[in-house]
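I'd like to ask some things about the structure below.
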Amino acid sequence: MNVFFEGALKSGVSDSLKSLYGMEAGIDSIHFQETKKEFEGDVTLVTFPFIKSSKKSPEETGKEIGKYLEEKTNFIASFNVVKGFLNLVITEEFWKNFFLTVSADPSWLFDPTKNETLSRGKKFLMVEYSSPNTNKPLHLGHVRNNLLGYSVAGILEAAGHRVMKVNLVNDRGVHICKSMLAWKKFGHGETPESSGMKGDHLVGKYYVLYDRKYKEEVEHLVNKGTVREEAEKKAPLQLEIQDMLRKWEAGDKETLDLWNLMNGWVYKGFDVTYKKLGVGFDKMYYESNVYLLGKKIVEEGEEKKVFFRKEDGSVWVDLTDVGLDQKLLLRGDGTSVYITQDLGTAQLRFDEFPGLDQLIYVVGNEQEYHFKVLKEIFKKLKRPWVDGLFHLSYGMVDLPSGKMKSREGTVVDADDLIKEITEEAEMTTKALGKLDDFDSEEAKHLYHVIGMGALKYFILKVDPKKRMLFNPAESIDFNGHTGPFVQYTFARIRSVMRKGENVNFSVSLSLQNIRMTKEEKHLVRLIYNYPSVASEAAAGLSPALIANYVYELAKAFNHFYHDHVIVDEAAMELSVFRLQLSALTAAVISRSMNMLGIEVPEKM
RNA sequence: GGUCCCGUAGCUCAGUUGGAUAGAGCAACUGCCUUCUAAGCAGUAGGCCAUUGGUUCGAAUCCAAUCGGGAUCACCA
């Protein structure tokens with residue numbers, strides 16, 4: 001619902017309670033809900049909370065409030081009371097006025113500077129997402145992360161916030177060293193060019209190879225009588241990795257050159273995948289640049305006696321007072337751990353961007369503990385921006401066979417997935433055979449748009465915090481509650497509008513002689529709801545809300561389309577109204593899908 | 001074991017600031033294309049909202065316990 005009339009309605013109810021029963025009810029304590037389909041009305045007020053004051057039956061109370069509203073406000077046409085539920089019918093005049101307003105200027109719906117429902121307090125937000133390791137290509141789990149992050153940023157922007165999308169690339173550490181070492185020993189100088197492999201896949205291949213060779217070494221040692229734990233530490237490859245890490249930290253040229261070379265391959269590969277996913281970033285951070293930053297904060301904490309040092313020189317924070325554990329912040333040898341760098345980067349960002357209100361981390365739920373710790377530490381350090389730290393946690397993507405495991409080869413690779421889904425879109429589209437006038441470039445683009453629409457919608461429509469099941473064989477559908485369904489509805493509207501453009505209607509939009517049908521009113525209502533849905537989605541960082549809303553809207557349009565003739569030369573005024581209604585629906589669909597990062601096609 | 005998240009139709013999911021008879025889609029079965037795109041529309045069937053107890057005018061929604069599933073509690077990142 002929308003402040004457009006909700007505010008007035010609430011104060012109407014508040015007034016009525018006061019004058020009828022002498023009850024002081026704050027505007028915020030009054031809640032409406034949409035009237036259920038089975039009953040007549042647009043909004044419903046539950047009267048039970050008021051019967052204590054009214055000392056009358058729910059029915060009676062409802063009737064009195066309804067009567068009051070009908071008389072004292074100008075947009076209640078009628079009302080009825082069923083079992084204590086006061087159903088209010090909004091006047092057709094109201095919907096017509098709304099429709100005329102947004103038809104004349106659709107920006108009223110979309111522009112946060114014009115629509116106060118849409119923007120409730122402009123903020124400056126940073127969304128960190130993606131944050132890949134550079135030792136292997138992206139998989140399905142990353143896909144969920146990227147789509148979520150990009151979409152959340154889009155939703156926040158649509159609500160009028162200033163948003164920065166950032167990516168913290170995990171470009172250093174043992175994982176990349178493993179790929180480097182395996183490539184150096186077994187790669188024979190193989191490159192993306194020589195192998196024809198995408199760079200990230202090539203590097204990933206050596207990561208897997210390292211793991212295999214390392215296991216062989218461990219088994220070999222175990223067979224010769226070494227205890228497994230011991231063998232894992234003493235395998236030659238493991239020792240070489242340690243050596244390589246040290247060299248990297250010491251700035252050894254040969255190591256850094258190799259590191260740069262292989263990371264370069266990976267970035268090229270990532271760029272291709274990001275582009276296909278349609279995601280992007282305003283700023284890239286690299287762990288190799290920031291991993292030392294946290295040390296200053298550790299020093300500060302020590303001075304402030306918030307942290308403490310153990311005999312071996314390691315620095316810790318004690319969080320047992322807030323139900324967490326003691327946490328290591330700096331190793332005895334002075335090197336940093338994972339959280340050290342996150343301390344540093346968080347500080348860096350608030351320093352770098354004055355006025356930053358919120359830092360949203362889109363990271364899997366396996367790191368909930370980590371972010372809790374991070375926040376508690378900054379709380380102890382009394383950072384004024386600590387409440388702006390937010391971990392947008394999401395669940396794993398599981399396969400029917402269970403968890404994805406890279407070592408067991410059960411990961412769903414992002415590039416493969418995109419390829420398959422695009423091919424599927426192509427097959428389906430061709431089978432329907434509606435694209436005779438498309439050239440091959442256009443067609444290719446369309447397959448991609450539809451395929452990605454299906455994938456993105458599939459992932460974004462579910463609540464982020466739930467783990468979701470992905471069945472590669474049957475998960476992605478193009479019918480029903482899917483992205484392509486919504487895309488199709490948009491294309492259908494555009495098709496009708498093209499027909500409308502070819503007809504010369506010599507009247508302008510006027511609703512004087514029009515009685516809206518049930519379906520038309522339903523559509524107008526849904527369009528009316530857009531700003532509050534958008535604003536709710538922004539407040540809750542929830543793409544799923546948008547996805548479900550736009551589905552409902554598309555369904556409502558298809559229903560309307562089925563029962564009504566839109567372009568009819570014999571009924572000019574009506575046609576102009578219906579075309580306008582269709583156009584507005586299309587605009588809202590397009591906007592909503594955009595927030596999900598999904599394109600809508602003119603034809604499909 | 002402690003902490004956190006999840007459990008709704010055969011399957012995938014909505015609905016969770018307490019409100020009326022719990023909603024979609026897929027799969028199954030029926031209809032609807034000489035008229036604006038049938039990737040559509042209409043219909044049938046499918047439910048002990050994990051279980052038990054509590055809170056109250058009212059509970060899928062809040063509280064407690066139990067049972068299932070997952071995550072986490074590293075001098076890994």
Side-chain angles (χ1 to χ4, degrees), chain A residues 31 33 35-39 44-49 51-52 58 82-85 87 131 133 170 172-175 287 291 310 312 314-316 323-325 327-333 335-339 341-342 364-370 372-373 393-396 398 400 403 425 428-429 431-432 434 450 454 458 461-463 465-471 474-475 477-489 491-500 502-503 544-545 547-548 551-552 554-555 557-568 575 578-579 582 603-604:
Chain A
H31 294 286
Q33 58 193 63
T35 303
K36 298 234 169 194
K37 278 183 230 123
E38 309 87 84
F39 304 97
T44 294
L45 182 72
V46 183
T47 61
F48 290 101
I51 57 175
K52 267 186 192 153
V82 182
K83 290 201 292 190
F85 293 85
N87 302 318
S131 307
N133 289 358
N170 195 352
R172 93 185 168 105
V174 263
H175 49 87
E287 202 186 289
Y291 79 106
K310 287 192 177 172
D312 63 358
S314 58
V315 180
W316 297 71
L324 304 171
D325 303 282
K327 184 84 188 170
L328 176 85
L329 300 176
L330 205 63
R331 293 192 188 98
D333 62 5
T335 58
S336 49
V337 290
Y338 182 50
I339 196 149
Q341 85 160 357
D342 265 1
N365 61 8
E366 71 272 13
Q367 299 213 29
E368 267 165 21
Y369 183 78
H370 170 78
K372 243 183 230 167
V373 169
S393 163
Y394 62 90
M396 309 244 132
D398 285 330
K403 233 179 128 169
T428 309
T429 306
L432 290 168
K434 296 185 197 168
I450 294 173
F458 178 81
K461 78 171 177 183
V462 336
D463 180 356
K465 68 173 178 273
K466 288 189 177 173
R467 45 201 292 262
M468 60 183 294
L469 186 83
F470 184 87
N471 185 340
E474 57 187 53
S475 268
D477 221 319
F478 298 116
N479 300 316
H481 190 178
T482 67
F485 169 85
V486 181
Q487 290 174 319
Y488 172 78
T489 308
R492 187 181 229 185
I493 295 174
R494 298 296 301 158
S495 168
V496 177
M497 286 169 68
R498 280 191 293 274
K499 188 185 171 194
N502 297 330
V503 178
L545 224 53
N548 288 308
Y551 172 65
E552 209 188 322
K555 228 172 31 162
F557 181 84
N558 283 323
H559 186 77
F560 158 75
Y561 174 90
H562 187 260
D563 296 349
H564 298 66
V565 177
I566 297 170
V567 180
D568 181 0
S575 294
R578 287 180 177 169
L579 275 168
S582 304
K603 287 185 189 178
M604 69 181 271

Under 3.5 Å, is there a donor-acceptor pair between the A/Asn170 and A/Tyr338 side chains?
no
Of all heavy-atom pairs linking A/Pro58 and A/Gly84, the shortest is CB-CA, 3.7 Å
Between NZ of A/Lys603 and C1' of B/A38 the distance, given in whole Å, is 18 Å
Note to self: Taking the P atom in each of B/A71 and B/A27, what is the distance between them to the nearest angstrom?
What the structure shows: 32 Å
Restricting to nitrogen or oxygen on both sides, can you table the protein-nucleotides 67-73 of chain B pairs closer than 3.5 Å?
unit_1 : atom_1 : unit_2   : atom_2 : d
B/G69  : O2'    : A/Arg467 : NH1    : 3.2
B/A71  : OP1    : A/Lys403 : NZ     : 3.2
B/A71  : O2'    : A/Asn365 : O      : 3.3
B/C73  : O2'    : A/Asp325 : OD2    : 2.9

Under a 3.5 Å distance rule, please check whether A/Ser582 uses its side chain to pair with a backbone N or O of A/Arg578 as donor and acceptor.
yes
List, with names and distances, any nitrogen or oxygen atoms from the protein found under 3.5 Å away from nitrogen or oxygen atoms belonging to nucleotides 24-28 of chain B.
unit_1 : atom_1 : unit_2   : atom_2 : d
B/A24  : O2'    : A/Tyr551 : OH     : 2.8
B/G25  : O2'    : A/His481 : N      : 3.1

Subject >> B/U51 versus B/U61 - spacing of their P atoms, nearest Å >> reply: 10 Å
By ring pair (Phe, Tyr, Trp, His ring centres under 6.0 Å), A/Phe470 pairs with (sequence neighbours left out) A/Phe458
Assess the pair A/Phe557 and A/Phe560: is the distance between their ring centroids shorter than 6.0 Å? yes
Rounded to the nearest 0.5 angstrom, the CD-CZ distance for A/Gln487 and A/Phe478 is 9.5 Å
Between CZ of A/Phe478 and C1' of B/U37 the distance, given in whole Å, is 17 Å
Between the protein and nucleotides 16-20 of chain B, list the N/O to N/O atom pairs that are separated by less than 3.5 angstrom.
unit_1 : atom_1 : unit_2  : atom_2 : d
B/A20  : OP2    : A/Lys36 : NZ     : 3.3
B/A20  : N6     : A/Thr44 : OG1    : 2.9
B/A20  : N6     : A/Asn87 : OD1    : 3.0
B/A20  : N1     : A/Asn87 : OD1    : 3.3

Classified by glycosidic angle (syn within 90° of 0, else anti), B/C33 comes out syn
Q | Rounded distance in Å between the C1' positions of B/G46 and B/A24 | A | 14 Å
Compute whether any side-chain donor of one residue and acceptor of the other, for A/Arg467 and A/Asn365, lie under 3.5 angstrom apart. no
Taking only the C1' atom of each, what is the distance from B/C63 to B/G69 in whole angstrom?
23 Å
Out of B/C75, B/A77, B/C13, minimum distance to the side chain of A/Glu287 belongs to B/A77
Considering only NZ, NE, NH1 and NH2 on the basic side and carboxylate oxygens on the acidic side, decide whether A/Lys465 and A/Asp463 come within less than 4.0 Å.
yes
Considering only heavy side-chain atoms of A/Phe485, the closest of B/A77, B/U12, B/G40 is B/G40
Dot-bracket assigned to RNA chain B with the 3.5 Å Watson-Crick/G-U criterion, [ ] for crossing and | for other-strand pairs, is (((((((..((((.....[...)))).(((((.......))))).....(((((..]....))))))))))))....
If the cut-off is 4.0 Å, is A/Asn548 near the phosphate of B/A14, judged by side-chain N/O to OP1 or OP2? no
With the side chain defined as heavy atoms from C-beta on, A/Phe458 is closest, among B/A77, B/U12, B/A39, to B/U12
From CZ of A/Arg492 across to C1' of B/C33 the rounded distance in Å is 11 Å
Does a side-chain N or O of A/Lys434 approach OP1 or OP2 of B/A39 to a distance below 4.0 Å, or not? yes
- State, without any angle test, whether A/Thr482 and A/Asp477 hold a side-chain donor-acceptor pair at a distance under 3.5 Å. no
note: A/Arg578, atom CZ; B/U35, atom P; distance rounded to Å ~ 19 Å
| message | Would you say A/Arg172 places a side-chain N or O within less than 4.0 Å of OP1 or OP2 belonging to B/A77? | response | no
When A/Lys499 and A/Ser336 are each assigned the nearest nucleotide of RNA chain B, the 5'-most assignment goes to A/Lys499
Treating A/Ser336 as the side-chain partner and A/Tyr291 as the backbone partner, does any N or O pair qualify as donor plus acceptor under 3.5 Å?
yes
Separation of B/A39 atom P from A/Asn558 atom CG, nearest Å, is 11 Å
Original post:
Hey, does A/Val567 reach any base, or is it just sugar-phosphate, or nothing, if we go heavy atoms under 4.0 Å?
Top reply: base
Of the candidates B/U12, B/A77, B/C75, the side chain of A/Tyr338 sits closest to B/A77
C1' atoms of B/G68 and B/C49, separation to the nearest Å: 16 Å
(request) Quick one: label A/Thr335 by what it contacts on the DNA or RNA (base, sugar-phosphate, nothing), any heavy atom closer than 4.0 Å. (result) nothing
message = For the P atoms, the ones on B/A65 and on B/G1, what distance do you get once it is rounded to whole angstrom?
response = 14 Å
Value for OH (A/Tyr488) from CD1 (A/Ile450), rounded to nearest 0.5 Å, stands at 11.5 Å
Rounded to the nearest 0.5 angstrom, the CZ-CG distance for A/Arg331 and A/Asp312 is 12.0 Å
Please list each protein N or O that sits under 3.5 Å from an N or O in nucleotides 42-46 of chain B, with the distance.
unit_1 : atom_1 : unit_2   : atom_2 : d
B/A42  : OP1    : A/His559 : ND1    : 2.8

For A/Gly500 and A/Leu579 the tightest heavy-atom approach is CA-CD1, 3.9 Å
One should read off an interatomic distance between A/Glu287 CD and A/Arg172 CZ, to the nearest 0.5 angstrom, of 4.5 Å
Looking only at heavy atoms, the pair that brings A/Ala454 and A/Pro484 closest together is CA-CD, 3.6 Å
Here the gap from A/Ile493 atom CD1 to A/Asn558 atom CG, rounded to the nearest 0.5 Å, amounts to 8.0 Å
Whole-Å distance, A/Asn471 CG to B/C11 P, equals 13 Å
Keeping the roles fixed (side chain from A/Ser314, backbone from A/Lys310), state whether a donor-acceptor pair exists under 3.5 Å. no
A/Ile493 CD1 to B/U37 P, in whole Å, measures 12 Å
Separation between the C1' atoms of B/G47 and B/A9, rounded to whole Å
6 Å
When rounded to whole Å, the CD to P distance for the pair A/Gln341 and B/A77 reads 9 Å
Rounding to 0.5 Å, atoms CE (A/Met604) and CZ (A/Arg494) come to a distance of 15.0 Å
(Q) Does B/A38 have OP1 or OP2 under 4.0 Å away from a side-chain N or O of A/Tyr561? (A) yes
Assign each of A/Thr428 and A/Ile51 the nucleotide of RNA chain B bearing its closest heavy atom; nearer the 5' end lies the nucleotide of A/Thr428
Does the plane of the ring in A/His481 sit parallel, tilted or perpendicular to the ring in A/Tyr551? Use 30° and 60° as the thresholds.
parallel
TODO: Between B/U56 and B/C41, how far apart are the P atoms? Round to whole Å, please.
DONE: 45 Å
Is A/Ile566 touching bases, backbone alone, or none of the nucleic acid, heavy atoms closer than 4.0 Å?
-> base
